[in-house]
Amino acid sequence: MEGCPDKVYISSWNTHLELIMQSLLFGLLFGVINTILERIKLSRKSFAIIVIIKSLIYILSLAVIGMIHNFVFYRFNLLDELTYSKLS
């Protein structure tokens with residue numbers, strides 16, 4: 001199907017831009033989080049508390065990455081009409 005919205009979007013340059021942007025944000029944000037958490041004295045706490053704290057922060061950072069991604073794509077109008085019509 002040549003006109004299928006999914007195939008049109010997947011074969012466009014937007015997917016590559018999305019992957020690169022999310023990979024860079026993911027790496028940068030996780031690097032910052034690890035640096036901050038290493039400076040805080042978490043090693044004195046129990047292992048379960050450390051895992052819970054890091055897990056919650058990482059999940060929150062994934063949500064932040066999603067919000068940044070959507071803001072950039074919406075702000076610079078990088079999503080086409082096919083994608084907007086599928087979202088609504």
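These values consider heavy atoms only, across backbone and side chains, with no hydrogens, waters or symmetry-generated copies.
- Transitive grouping of hydrophobic side chains (ILVMFWY, heavy atoms separated by less than 4.5 Å) keeps Leu28 and Val64 in distinct clusters.
- Atom CZ of Arg75 sits about 15.0 Å away from atom CG of Asn70, to the nearest 0.5 Å.
- With sequence neighbours left out, Thr35 forms a side-chain contact (heavy atoms from CB on, under 4.5 Å) with Arg39.
- From Ser61, atom OG reaches atom CG of Leu25 across 10.5 Å, with rounding to the nearest 0.5 Å.
- Taking the side-chain contact (heavy atoms from CB on, under 4.5 Å) definition, one finds that Val32 meets it with Ile36, sequence neighbours left out.
- With hydrophobic clusters built from ILVMFWY side chains whose heavy atoms lie under 4.5 angstrom apart, Val72 shares a cluster with Leu62.
- Hydrophobic cluster membership differs between Met21 and Leu19, with clusters built from Ile, Leu, Val, Met, Phe, Trp and Tyr side chains linked at under 4.5 angstrom.
- Atom CD of Gln22 sits about 10.0 Å away from atom CG of Leu17, to the nearest 0.5 Å.
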Which donor-acceptor pairs under 3.5 Å do the side chains of residues 47-56 make with protein atoms, sequence neighbours left out?
from, atom 1, to, atom 2, distance (Å)
Ser55, OG, Val51, O, 2.7

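- Here the straight-line distance linking atom CG of Leu29 with atom CG of Leu24 works out to 12.0 Å at 0.5 Å rounding.
- Listed by chain and residue number, Phe30 satisfy the ring pair (Phe, Tyr, Trp, His ring centres under 6.0 Å) test with Phe26 (two or more places apart in sequence, or in another chain).
- Hydrophobic clustering of Ile, Leu, Val, Met, Phe, Trp and Tyr side chains at less than 4.5 Å, counting indirect connections, unites Ile40 with Tyr58.
- Residue Ile59 belongs to no hydrophobic cluster, having no ILVMFWY side-chain heavy atom closer than 4.5 Å to its own.
- Applying the 4.5 Å side-chain rule to ILVMFWY residues, one finds that Leu60 remains a lone member of its cluster.
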